[in-house]
Every structure is written in C-alpha cells, then in structure tokens.
Amino acid sequence: MHTRLDVNGVSLAYRTAGDPANPPMILLHGLGDSSADWHTVLPDLSRTHHVHALDLRGHGASSHPGEYSFELMRDDVLAYLDTAGIGPCVLVGHSMGGIVAALLTLAAPHRVTHLVLEDASIPRPGSLPRPPLDPPAEPTPFDFAAVNAIRAQLNDPDPAWWQALSSLPVRTLIISGAESAIPNDLLADAADRIPDAVLASVTAGHDVHVEQPTAFITELTRFLRHP
C-alpha cells in the first residue's frame, strides 16, 4: 500500500517495510518501473533495514508533472529524505534510479552511508547513445514524457558528472548484469574511477534483482557487512 509525501512541488508515493528502528534504506527504480519492481528482494532487505521504496516522479502512483530530469528526481529524493526525517541511509538504485542515486550522493554525501548501483553508472559522454522514441500507440502506466527526457540526458550527459566520480567519498557497490545491454566496460571504468568502489558481476540481464534475486541479495549483504 502506498503512502504519499508532498515534496519539491510533486507528490511522491512510497511504500515502507521493516522495523523503523533498523537502519534506513532507500530503493530507487528504473525508467518505466515503480516501487513494486522491488518485490523480489523487499522481504530480504526489510529483515535488516527499514526500507523506503519510492515511485519517482512520473512513475507509479507519484505525480506526473510533465517535467523530468535526473536533477529533478535527485532533488525530489533529497526533499523526501528531509521531509521524512531520514538520516544517513543505504541508497540503492537500479538503472535510471542508480544515476539519480549517484547524483544525490555526489550532491550530499553526508546523507548516504553506502551506495549501491544496480547495472547503472553515471553516463560518460558517448557511452549510452539513446535516440528519442516515438510514443506508443497504447497508454503506458507511467508518463511517457519521462522516457525521452531521460534518454536525452543519457545521450548527451553533463561531462562534469563523470568527472565528479573521482571525488565520490562514499563506499560504492556496482552490480553488473553480465548479460545486460549496459556496457560492462562503462561499469568497470566507473568502479575504477570511484575511490572506494567494488564491482560485482552476476549472470543476469539488466534487471539483476528480478532475474537473480538471491545473487543480488548475496552481493549486497556482503558489501554492507563492511563499514
């Protein structure tokens, strides 16, 4: 069941699981998905953490304002943390949500204890060509306007984002889907660039937590054992 919080000019829907006394963990989904996408791993994650799974703007039950960018989504999540009174947290992002998570960590590293990027990295210029798509004939469960807005930023990212990875001060895990279309060399280069990063490869496609939930939890748990 969703709860909503008004932040940064939008209403963000979210669901929580686990004991509120446990350390907080924020889950950010990929493009076209929602907080429901984490159902395969939510029971395991909520055993050790108080999990907040968000619907990013334009997705799920959150507002569809028609204006989308990685920066707006980053600011939405920061405002959510402030409004919900969430202290330093484990931040987990898949795909689009991983880029949002990385940008948030760069902007406010004191808000994040551990960063987990699932088959995601801040795009390096030229690394993720994504031409615009024609709107589908049938309605989508998310605001399709978000698709081409996000693809445009993947296609022509701010070069400063990639440069900033070399100063990211938070311990980071990058989980790569070995069979994913996301270039493995991009994820490896990102892990090399981040001062304290671990790269783990799982035999899966882009949706590692859906295709291989046990392996996903194993890698995440191993990573979180270290401060």
Side-chain angles (χ1 to χ4, degrees), residues 15 17-18 22-49 51-54 56 59 70 77 89-106 112-124 127-130 150-151 154 157 161-162 165 168 170-227:
R15 60 188 79 204
N22 283 337
M25 175 182 286
I26 308 297
L27 304 181
L28 305 179
H29 60 79
L31 182 61
D33 289 320
S34 72
S35 57
D37 186 57
W38 297 102
H39 72 280
T40 52
V41 293
L42 193 59
D44 285 306
L45 297 176
S46 62
R47 289 191 182 101
T48 55
H49 289 79
V51 181
H52 297 241
L54 276 60
L56 295 169
H59 294 75
F70 286 118
V77 179
C89 64
V90 177
L91 186 56
V92 182
H94 173 231
S95 193
M96 174 187 76
I99 299 174
V100 174
L103 291 177
L104 186 154
T105 305
L106 286 169
V112 182
T113 62
H114 297 76
L115 174 64
V116 180
L117 307 179
E118 180 193 350
D119 214 44
S121 163
I122 282 181
R124 184 177 53 206
S127 64
L128 291 171
R130 294 292 188 269
I150 292 302
R151 287 175 73 89
L154 292 173
W161 296 351
W162 179 260
L165 285 181
L168 196 154
V170 174
R171 193 157 188 274
T172 301
L173 168 65
I174 300 177
I175 301 178
S176 169
E179 299 168 349
S180 170
I182 301 299
N184 287 321
D185 63 338
L186 171 66
L187 303 186
D189 288 351
D192 285 343
R193 194 167 188 83
I194 297 168
D196 189 6
V198 177
L199 177 65
S201 181
V202 174
T203 304
H206 186 50
D207 300 322
V208 180
H209 70 282
V210 175
E211 299 172 38
Q212 296 286 354
T214 300
F216 179 86
I217 291 295
T218 297
E219 296 296 346
L220 193 149
T221 302
R222 181 184 295 126
F223 172 69
L224 294 180
R225 284 198 191 107
H226 301 280

Could you list the donor-acceptor pairs under 3.5 angstrom formed by side chains in residues 174-182, with sequence neighbours left out?
residue	atom	partner	partner atom	Å
S176	OG	N184	OD1	2.9
S180	OG	D119	OD2	2.4
S180	OG	I182	N	3.0

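Applying side-chain contact (heavy atoms from CB on, under 4.5 Å) to L103 and the options I99, V100, T105 leaves one that passes, I99. Of the candidates L91, L27, V92, V92 is the only one forming a side-chain contact (heavy atoms from CB on, under 4.5 Å) with V116. For the side-chain contact (heavy atoms from CB on, under 4.5 Å) criterion with F70, the lone passing option out of L104, L154, I122 is L154.
Put simply, the side chain of T221 gets close to the backbone of I217: a donor and an acceptor are under 3.5 Å apart. In this structure, R124 contributes its side chain and L186 its backbone to no donor-acceptor pair below 3.5 Å. The backbone N or O of G32 lies less than 3.5 Å from a partner atom in the side chain of H59, making a donor-acceptor pair. Between the side chain of R171 and the main chain of F223, a donor-acceptor pair closer than 3.5 Å is present. Listed for the S201 side chain is no donor-acceptor partner under 3.5 Å among the backbone atoms of L199.
Annotation: side chain of L45 is in contact with side chain of L220 (closest heavy-atom distance under 4.5 Å). R222 has its side chain out of reach of V198: every pair of non-hydrogen atoms, C-beta onward, lies at least 4.5 Å apart. A heavy-atom distance below 4.5 Å is found between the side chains of L54 and L28.
Across P123 and L128, no two heavy atoms sit closer than the pair CB-CD1, 3.9 Å. Here the closest heavy-atom approach between residue W38 and residue A53 is recorded as CD1-CB, 4.3 Å. Contact detail for P195 and L165: the closest heavy-atom pair is CD-O, 3.6 Å. Considering all non-hydrogen atoms of both residues, V208 and G205 come closest at CG2-O, 3.6 Å. Contact between V170 and I194 at its shortest, heavy atoms only, is O-CG2, 4.4 Å. Shortest non-hydrogen contact noted between V51 and L42 is CG1-CD1, 3.5 Å.
Taken from CD in E211 to OG1 in T40, the straight-line distance is 10.0 Å, to the nearest 0.5 Å. Of the inter-residue distances, the one linking H29 atom NE2 with D37 atom CG reads 8.5 Å to the nearest 0.5 angstrom. Distance CZ/R15 to NE2/H39: 10.5 Å, rounded to 0.5 Å. Atom-to-atom distance recorded for D44:CG and T214:OG1 is 7.5 Å, nearest 0.5 angstrom. To the nearest 0.5 Å, atoms CG (L187) and CG (D185) are separated by 8.0 Å. Residue M25 holds its CE atom at 6.0 Å from OG1 of T48, rounded to the nearest 0.5 Å.
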For side-chain contact (heavy atoms from CB on, under 4.5 Å), just list the numbers for H206 and E118, CA-CA rounded to whole Å, side-chain angles, deciding distance to a tenth of an Å, and then say yes or no. CA-CA 8 Å; H206 186 50; E118 180 193 350; over 6 Å; no

Could you give me the CA-CA distance, side-chain angles and deciding distance for L224 and H49, then say whether side-chain contact (heavy atoms from CB on, under 4.5 Å) is met? CA-CA 11 Å; L224 294 180; H49 289 79; 3.8 Å; yes

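Between H94 and H209, the two ring planes are perpendicular [angle over 60°; tilted spans 30° to 60°].
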